[in-house]
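Every heavy atom of this structure was used, including side-chain atoms; hydrogens, water molecules and symmetry mates were not. Quick caveat: nothing in here was measured; it's all calculated off a predicted structure.
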Amino acid sequence: MVLFLKSSSATAAPSANIAKTNFLTDFYDKFPKTYNMYIIAFVSTIGGLMFGFDISSVSSFLSQEYYLKFFDSPDTITQGGISASMAGGSFIGSLIASYISDPLGRRVSLQVSSMFWMIGAAIQSSSQNRAQLICGRFISGFGIGISSSTAPSYVSEISPKKIRGTMGGIFQWSVTIGIMVMFFIGYGCTFIDGVGSFRLAWGLQIVPGAMLFVGVPFLPESPRWLANHGQWSKAEDIVARINSKGDLEDPEVIIELKEIKEQVLIDEDAKDVTFAELFNKTNIKRTTVGMCGQMWQQMCGMNVMMYYIVYIFEMAGYTGNTNLVASSIQYVIFVVMTAPALFFLDKVGRRPLLLIGAVLMAAFLFAVGAILAVYSEPTTDFDGNENITISIPDSNKAAAKALIACSYLFVATFGPTWGPGIWLYCSEIFPNRIRAKANGVSTSVNWIFNFALGMFVPTAFHNISWKTYMIFGTFCVVAFFNVYFLFPETQGKTLEEIDQMWQDGVPAWRTKNYVVELPPLGEVFEEKASAREVENASSDDNATVDETRFRLQSTERVREVNVEEV
């Protein structure tokens, strides 16, 4: 049976969801496109590189003479405000991201984020005072908030399910690479005399923003976004090109397209999504899981280890360039250990990595706190830093080395587990129609806790020193139980199967081997299409005939696939 799915699909779009376009989408479509999933993931997750640049853009200069002198030696509250301003902007950006990505497309959202990032970087590099620096970091953070909310969703929506974990993990890997590269840039710039040291480092942040801005037009749009906007033929073409080099007859392509179509038809019956809908009876469990996942990623203690790594090594008795070199090793470990997650996430699953990560991180945080409690001694104005109130004396070098080892091991644990795991997980657990807003809300939780910790951590170091680590260790223990009882396994399931699993109410600890029973392919689609045939019979007979033909062909194609599988 010769079937022409592509030719008939243009008229198969539901009548209630006519093709919607905008001049930006049309403009992007004029550019040549890459359909290599690895290149798509690399370009779209440059936002993660920007995120990483920002995390370490200040840490290299926290104890630098020129930075302290130019900005009048910021106290704990002020330095916390400088560090947290980026997270404040990201919080706002993540909440408004859906208002850009839903009507205009994922690519537009990514390009807008790069524009805000570059503007913010320019303001930072030309800062004349603290207020301008904070303003620049806030604007850059606004861009990061948009990209960190959009990029994981985009990659999840466009990736084949077999490698979705690997592709989703690239975002966090990009973050770690950005952290490491920017730290080494900052370290190199510390050898420059004068304010040019930090100005050059902050100015170079424009580079990843420019890369994202230039690269976006060469990416295909999310097929699920296109389907939701009635552009069926484009969606089918993209799915086929990415999954099977353009073969619309490939079984995986047929099934994925059918699931997308059925999901979109179901979604049409609902009203426009509001934030309140994320917390209704149907969605509140998954929204809560997404918010908790992003919260624990911040509260697990990684913020302490990355933003204020210089402080940790000062407490271990290291100062100056020795401190920066020792700190840089941690960034290298972070990058190296995040890479395995690109493979583990699709082979081991999401839950095991999150559970194991929570246990090990808690152990290393408690160990750091215990070492400092037993072997450190009070100190005042350590190397000009009032936030450091304890330090391990030279007579206890073994304890200092153990402290550093635990710090390295913590990062080596976070890298392949909670780092990439949460960004991927939150991009998978929401259905198409609420994904953009739900990801925005979840990501905003990450950023608001990032902001709170940026303000809290310097003061915590000053007031309670080693007890800070005990607090974060306790958070990791709570995160373990939260994941065990509430986080279902999503490995190896399509986004539509994950949606059905939530609706079935399966206990999280039983979802690993749970087989999702979706309605027979074509059943929902046939029912919806039939309803529209009646609705449109009097107004558009030709469209009804085409839609009926498409429905019958699609159903027959899926039956053929199922027979072959049996």
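A donor-acceptor contact shorter than 3.5 Å is absent between the side chain of Glu377 and the backbone of Pro393. Judged by distance alone, the side chain of Ser159 and the main-chain N or O of Val155 form a donor-acceptor pair under 3.5 Å. Although no hydrogens or angles enter the test, the distance criterion places a donor-acceptor pair under 3.5 Å between the side chain of Thr176 and the main chain of Trp173. Formation of a donor-acceptor pair under 3.5 Å by the Ser197 side chain with backbone atoms of Asp193 is not found in this model. At least one donor-acceptor pair under 3.5 Å links the side chain of Ser90 to the backbone N or O of Gly141.
Expressed to the nearest 0.5 Å, how far CD1 of Ile185 lies from CG of Leu204 amounts to 5.5 Å. Distance check: Leu353 CG to Ile422 CD1 gives 11.0 Å after rounding to the nearest 0.5 Å. Remark: Cys292 SG to Met299 CE distance equals 12.0 Å, nearest 0.5 Å. Here the straight-line distance linking atom CG of Leu372 with atom CE of Met470 works out to 8.5 Å at 0.5 Å rounding. Between the OG atom of Ser149 and the CZ atom of Arg435 there is a distance of 12.0 Å, given to the nearest 0.5 Å. Atom-to-atom distance recorded for Lys33:NZ and Ile242:CD1 is 12.0 Å, nearest 0.5 angstrom.
In this structure, Phe198 has its ring center under 6.0 Å from that of Phe71.
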Pair Gln205-Ser140, side chain to side chain donor-acceptor pair (under 3.5 Å): steps then yes or no: CA-CA 10 Å; Gln205 293 180 113; Ser140 288; 5.7 Å; no

Would Tyr425 and Phe487 satisfy ring-ring contact (aromatic ring centres under 6.0 Å, His included), going step by step from the backbone distance to the final call? CA-CA 9 Å; Tyr425 192 80; Phe487 285 48; 5.4 Å; yes

Criterion side chain to side chain contact (heavy atoms under 4.5 Å, CB included) on Phe451 and Phe91, from CA distance to verdict: CA-CA 8 Å; Phe451 175 83; Phe91 171 72; over 6 Å; no

Starting from the C-alpha separation in whole Å, work towards a yes-or-no answer on side chain to side chain contact (heavy atoms under 4.5 Å, CB included) for Met37 and Met167. CA-CA 8 Å; Met37 197 56 232; Met167 296 299 100; 3.5 Å; yes

Under the criterion side chain to side chain contact (heavy atoms under 4.5 Å, CB included), I'd like the reasoning laid out for Val175 against Met50: C-alpha separation, chi angles, the key distance, then a yes or no. CA-CA 7 Å; Val175 173; Met50 290 154 39; over 6 Å; no

Evaluate side chain to side chain contact (heavy atoms under 4.5 Å, CB included) for Phe475 paired with Leu365, printing each intermediate quantity in order. CA-CA 10 Å; Phe475 287 147; Leu365 285 167; over 6 Å; no

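Residues Ser407 and Val368 come closest through the heavy atom pair N-CG2, 4.4 Å. Minimum heavy-atom separation, Ile82 to Pro74: CD1-CG, 4.2 Å. Heavy-atom minimum distance, Ser465 versus Ile390: CB-CD1, 3.6 Å. Taking both residues in full, the closest heavy atoms of Trp117 and Gly209 are given as CD1-CA, 3.7 Å, listed atom of the first, atom of the second, then distance. Taking every heavy atom of both residues into account, Ser98 and Phe275 meet most closely at OG-CZ, 4.2 Å. Scanning all heavy atoms of the two residues, the minimum distance from Val477 to Phe366 falls at CG2-CE1, 4.2 Å.
Relative orientation of the Trp202 and Tyr67 rings is perpendicular, given thresholds of 30° and 60° on the angle between their planes.
Residue pairs meeting the ring-ring contact (aromatic ring centres under 6.0 Å, His included) criterion with at least one member in residues 118-139, sequence neighbours excluded, do not occur. Pairs of residues two or more places apart, or lying in two chains, that qualify as salt bridge (Lys or Arg N to Asp or Glu O under 4.0 Å) and include a residue from residues 200-224 are Arg107-Glu221, Arg224-Glu256, Arg224-Glu496.
Residues satisfying the side chain to side chain donor-acceptor pair (under 3.5 Å) test with Gln111, not counting sequence neighbours, are Tyr28. Under the ring-ring contact (aromatic ring centres under 6.0 Å, His included) criterion, Phe414 pairs with Phe334, sequence neighbours left out. Contacts of Phe218 classified as ring-ring contact (aromatic ring centres under 6.0 Å, His included), with partners at least two apart in sequence or in another chain: Phe31. For Glu65, there are no side chain to side chain donor-acceptor pair (under 3.5 Å) partners two or more places apart in sequence or in a different chain.
Geometrically, Arg241 engages Tyr35 in a cation-pi contact defined by less than 6.0 Å to the ring centre and at most 45° from the axis. The side-chain tip of Arg130 does not point at the ring of Phe70 from less than 6.0 angstrom away and within 45° of straight on.
Neither side chain, Ser442 nor Gln294, offers a donor N or O lying under 3.5 Å from an acceptor on the other. Side chains of Asp75 and Thr78: a donor on one and an acceptor on the other come within 3.5 Å. Side-chain atoms of Gln132 and Ser127 include no donor-acceptor pair closer than 3.5 Å. When only modelled atom types and interatomic distance are considered, Thr150 and Ser109 share a side-chain donor-acceptor pair under 3.5 Å. Using modelled atom types, one finds a donor on one side chain and an acceptor on the other under 3.5 Å when comparing Asn439 with Ser153. A side-chain donor-acceptor contact under 3.5 Å links Trp447 and Ser148.
Surrounding NZ of Lys397 are more than 12 heavy atoms belonging to other residues, nucleotides or ligands, all under 6.0 Å away.
Between Tyr331 and the options Phe184, Tyr187, Phe183, Tyr408, a ring pair (Phe, Tyr, Trp, His ring centres under 6.0 Å) holds for only Phe183.
Here the side chains of Thr417 and Ile356 are not in contact, with every heavy-atom distance at 4.5 Å or above.
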